[in-house]
Number of protein chains: 2
Amino acid sequence: MANRDIWATMDREKQLRDFLLNGDKIYVPRVSVDCVIFGFHEDQLKVLLLRWKDGRWCLPGGFVKWDESVDESAVRTLQERTALRNIYLQQFHTFGAPNRERGKKFKDIPDTKKSWMRERFVSVGYYALVEFSKVSPRPDWLSDECQWYDIHKVPALIYDHNEMVEKALETLRIRLNDYPVGYNLLHEKFTMPELQRLYETILDKPLDRRNFQKKMLSLGILERLKERKTGGAHKAPYLYRFDKKKYERAMKQGLKLGF
Amino acid sequence: MANRDIWATMDREKQLRDFLLNGDKIYVPRVSVDCVIFGFHEDQLKVLLLRWKDGRWCLPGGFVKWDESVDESAVRTLQERTALRNIYLQQFHTFGAPNRERGKKFKDIPDTKKSWMRERFVSVGYYALVEFSKVSPRPDWLSDECQWYDIHKVPALIYDHNEMVEKALETLRIRLNDYPVGYNLLHEKFTMPELQRLYETILDKPLDRRNFQKKMLSLGILERLKERKTGGAHKAPYLYRFDKKKYERAMKQGLKLGF
DNA sequence: TGGTTATTGTGTTATGCGTACACAATGATA
DNA sequence: TATCATTGTGTACGCATAACACAATAACCA
């Protein structure tokens, strides 16, 4: 091991110890935030996961500072992991079973038996929709990897984090019936088949091409451009973009779809 | 003031002081639960409210014991206020703005400046549907009144409790499109007009009598009895009751209504 | 006692939405 | 230039919802 790595390791241990002993001066104890961050890439719905030093995977999470709201904490967590701002973020459920303490894996660190991290946590779950290509995944200081996972290939996660992913997806699917989706997950300009594949991927079922187009256009939130997307091996499809004002109105008022 | 009242007052003060100083040995600090308890009576949707000693109104709430889940805490809170068991109870949102500490009004009590109640709280909101006539409202030891309020006449509540009522009602309305309602809010036997008025009251809009009946019967969760409800001034309507098995199946699978 | 009245039970019709399906147009490739 | 997969657009059918009409009935009162 090179000298640099030794120093880096020692530094982290010191940092961790300080966090376990004094973190509650910065963060509200017993309340945490976990984010299920959805992205869309190559016709797959992805979730952003972190890998702890011990090899186990978990959701990106964080704690609530004394002067910020829980919502703000979620926004900050998301920003720190993805370097994105102005993201679609929505609270979906709060997980409050006993034995959710986050400090279990630090029991080998001396003098931290009474750490605020060793006690019970209640975690507020949020899900986010982000534009895959704009994200540069960043591990936090407790993890050494931050990676996208296909929603169908999520590994075993710590605590109840698998349940969180399931519940987030379920909430997203239900929401799809009443609100538009896509502005946050696709590029600014996109084709109708791309939008359709997004819906099909989230719902995990095929949709009729023509009926889908009719329905989407009838919402009145899409603007068809004169450009077409060339380069594909077949007929060039039109490009669309969302009319942001109308899109946001639909986000507030809700729609009447039904897939 | 009679002697009895003086003792009662002094007792409570002592009890309160002990709660402020040592409550965190029983309850998880910084996490609370608030319940929006809906009832239905005389064609009005009601909410159960508590009145504090200082006259202000609030939602029935509680704290989470160290060995119970947040859900269990909500069940217990509900039981303590209504003396009911096996109630329909659903988490709807978690409220986490700063400055939600619950101890503000106890600042005149000596030596409690460092009470766990004086610090920030995150509150998990639940709503419940209960059968009005079966409830015997019971104030908790911090309140001296527990009373039903018409949903349209809810007074100004502490903190963000008015927002909680709004959000709970909104969630209930949305849920009405996908799941049946009534088993928990009506008597065992009820007439079709009674069920309709329940829906109309929750949604706050009139529904067509004939279409409503058709829709309800098509769900296949109702059983028409041979009895009729007599005593009214007009044609005696049939009595119905829910087929509990089918009702519960619908609660799990969801429906496709749309009001 | 029989008429009055408001309410309930049970339809019918019309409209719109979702579903299923067909065919022409197009752009790259061979 | 023919091929092929894909896109753009249109039509017919069925079902669910919305809108509406009329007969039956239980209490009340003249």
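Note on naming: letters A, B, ... go to the chains in the order of the sequence lines (proteins, then strands), and numbering restarts at 1 for each one.
Atom CD of A/Gln213 and atom C1' of D/dG10 are 12 Å apart (whole Å). Residue A/Asn177 contributes atom CG, which lies 17 Å from atom P of C/dC17 at whole-angstrom precision. The distance between atom CZ of B/Phe190 and atom P of C/dT8, rounded to the nearest whole Å, is 15 Å. Atom C1' of nucleotide D/dC15 and atom NZ of B/Lys215 are separated by 14 Å, given to the nearest angstrom. Computed from coordinates, the B/Leu225 CG to C/dT8 C1' distance equals 16 Å when rounded to whole Å. Atom-to-atom, CZ of B/Phe212 to C1' of D/dC20 comes out at 19 Å; the value is rounded to the nearest Å. Computed from coordinates, the B/Asp208 CG to C/dA14 P distance equals 17 Å when rounded to whole Å. Between A/Leu207 atom CG and C/dC21 atom C1' the separation is 16 Å, expressed in whole Å.
The NE2 atom of B/His161 sits 5.5 Å away from atom CZ of B/Arg100, with the distance rounded to the nearest 0.5 Å.
Counted within 6.0 Å of CG on B/Asp43, heavy atoms from surrounding residues, nucleotides or ligands total more than 12; the atom is thus considered enclosed.
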How does each nucleotide of nucleotides 21-30 of chain D score, in 5' to 3' order, for protein heavy atoms under 4.0 Å: base (B), sugar-phosphate only (S), or none (-)?
B--BBBS---

I would like to know whether A/Phe95 and A/Tyr159 meet ring pair (Phe, Tyr, Trp, His ring centres under 6.0 Å); could you show each step before the answer?
CA-CA 11 Å; A/Phe95 298 82; A/Tyr159 313 136; over 10 Å; no

Please report the C-alpha distance between B/Asp150 and B/Lys46 in whole Å, then the side-chain angles of each, then the deciding distance to 0.1 Å, and finally whether the salt bridge (charged side-chain N to carboxylate O under 4.0 Å, His left out) criterion is met.
CA-CA 4 Å; B/Asp150 184 327; B/Lys46 308 271 191 179; 5.4 Å; no

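Nearest-nucleotide assignment on DNA chain C puts the 5′-proximal partner with B/Pro193, out of B/Pro193 and A/Ser218.
Of the possible polar contacts, none joining the A/Gln196 side chain to the A/Gln213 backbone as a donor-acceptor pair under 3.5 Å is found. Remark: the backbone N or O of A/Tyr183 is paired with a side-chain donor or acceptor of A/Tyr247 at under 3.5 angstrom.
Side-chain atoms of B/Lys214 and base atoms of C/dT12 include a donor and an acceptor less than 3.5 Å apart.
Of all heavy-atom pairs spanning B/Ile221 and B/Pro180, the tightest one is CD1-CB, 3.7 Å.
For C/dT10, one of the phosphate oxygens OP1 or OP2 lies less than 4.0 angstrom from a side-chain nitrogen or oxygen of B/Arg224.
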